[in-house]
Trainee: 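After the structure tokens below, expect a handful of questions from me.
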2 protein chains.
Amino acid sequence: MYTISDIAKLLGITAHTLRYYEKEGIIAPIRNPSGERVYDDSNLAWLRFVMRLKQTQMPISQIREYAHLYLEGEHTTQARLNLLEDHRNSVQSQIRNLTATEKVLKDKIAAYKNSITKETGVR
Amino acid sequence: MYTISDIAKLLGITAHTLRYYEKEGIIAPIRNPSGERVYDDSNLAWLRFVMRLKQTQMPISQIREYAHLYLEGEHTTQARLNLLEDHRNSVQSQIRNLTATEKVLKDKIAAYKNSITKETGVR
DNA sequence: ATTTGACTTAGAGTAAACTCTAAGCTGTAT
DNA sequence: ATACAGCTTAGAGTTTACTCTAAGTCAAAT
């Protein structure tokens, strides 16, 4: 069992942000007798996955949608699968885009390094 | 020579956004006698590169910094090179992160496809 | 007993990147 | 000549994702 600040530390975010995610319907941890949030290992695993989705540009609204589908039970399995496959496509397209940009940057950097000794008009 | 809407169409953004980029110091096209913006091929090439930087998560503030360094002339070559190398590192780290997430999604999707026929508790 | 630190809530404030509005000008097409 | 499309400006409004504030509760430490 973890407190909000334990989780914040583990994820590298603030407790404020975790409360915001809860308000946005992304997680619903239980409360202890004095009303404080208590997170278990399954909450932590879910939030780690959420962080992955966020870092790969999935908007909060879509993460919430996925979380809600999970709470609705077994009959939403296909809908969740569709969301995951859509996001996988988005991830693959981001990788292609980044790889192409990496090449452009590599070439530009080489041209710049050249122009430091020679004289070229690189931008 | 291109009008603002030509460029907007070519880049898949709106004329509003192009004016915003100008206000933010990212580009300074010339004006025709009636005060309208006129873009040339070098403007277009620069904006295409800007779009690449944006799509790979470089903030407007950093793109502006790069643009300003270019306008300051030859003595900023090293500074521009540093910016490009920093961004290249960021791009490479994004690729690593996306690749790892792609694997996670691939596995999760496989588990979901399994659970549609069998009975597993995937999230 | 009181201070300290971490927690609670509702709600206000911020930053980034657009996105749009209003009022007006200009060049071509009927 | 007048309509119309597309341009201009300054500035206001929107969306997303936080980020913080204020006022208060609570448990452990001095």
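Here is how names work: the chains are called A, B, and so on, in the same order as the sequence lines, proteins then strands, and each is numbered from 1.
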Trainee: Using a cut-off of strictly less than 4.0 Å, decide whether B:R37 has a side-chain nitrogen or oxygen near OP1 or OP2 of D:dT8.
Mentor: yes

Trainee: OP1 or OP2 of C:dC7 versus the side-chain N and O atoms of A:S5: is any pair under 4.0 Å?
Mentor: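 Yes, such a contact exists.
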
Trainee: Between the side chain of B:T17 and the main-chain N/O of B:I13, is any donor-acceptor distance below 3.5 Å?
Mentor: no

Trainee: For the side chain of B:T17, counting heavy atoms from C-beta on, which of D:dT8, C:dC18, D:dC18 is nearest?
Mentor: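 Out of D:dT8, C:dC18, D:dC18, the nucleotide with an atom closest to B:T17's side chain is C:dC18.
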
Trainee: Taking only side-chain N and O atoms of B:K23, does any of them lie within less than 4.0 angstrom of OP1 or OP2 on D:dT9?
Mentor: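 No, because none of the side-chain N or O atoms of B:K23 sits under 4.0 Å from OP1 or OP2 of D:dT9.
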
Trainee: Give a yes/no answer on whether the side chain of A:T3 brings an N or O atom under 4.0 Å of OP1 or OP2 in C:dC7.
Mentor: yes

Trainee: Pick the closest DNA chain D nucleotide for B:R19 and for A:S34 by heavy atoms, then say which residue is nearer the 5' end.
Mentor: B:R19

Trainee: Nearest of C:dT19, C:dC18, D:dC20 to any side-chain atom of A:H16?
Mentor: D:dC20

Trainee: Any side-chain heavy atom of B:P29 within less than 4.5 Å of one from B:E22?
Mentor: yes

Trainee: Whether B:K113 and A:E85 form a salt bridge (side-chain N of Lys/Arg under 4.0 Å from carboxylate O of Asp/Glu) is what I want to check.
Mentor: yes

Trainee: Considering only C:dC7, D:dC7, D:dA17, which nucleotide approaches the side chain of A:I4 most closely?
Mentor: C:dC7

Trainee: Grab the CD-P distance between B:E36 and C:dG24 for me, whole Å please.
Mentor: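 My rounded result for the distance is 18 Å.
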
Trainee: Is the shortest side-chain N/O distance from B:Y21 to OP1 or OP2 of C:dC18 below 4.0 Å?
Mentor: yes

Trainee: Between the main-chain N or O of A:Y112 and the side-chain N or O of A:S115, is there a donor-acceptor pair closer than 3.5 Å?
Mentor: yes

Trainee: Specify the separation, in whole Å, of atom CG of B:L18 and atom P of C:dC20.
Mentor: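 For the pair B:L18 CG and C:dC20 P, the rounded distance is 14 Å.
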
Trainee: DNA chain C: B:M58 or B:T14, which has the more 5' nearest nucleotide?
Mentor: B:M58

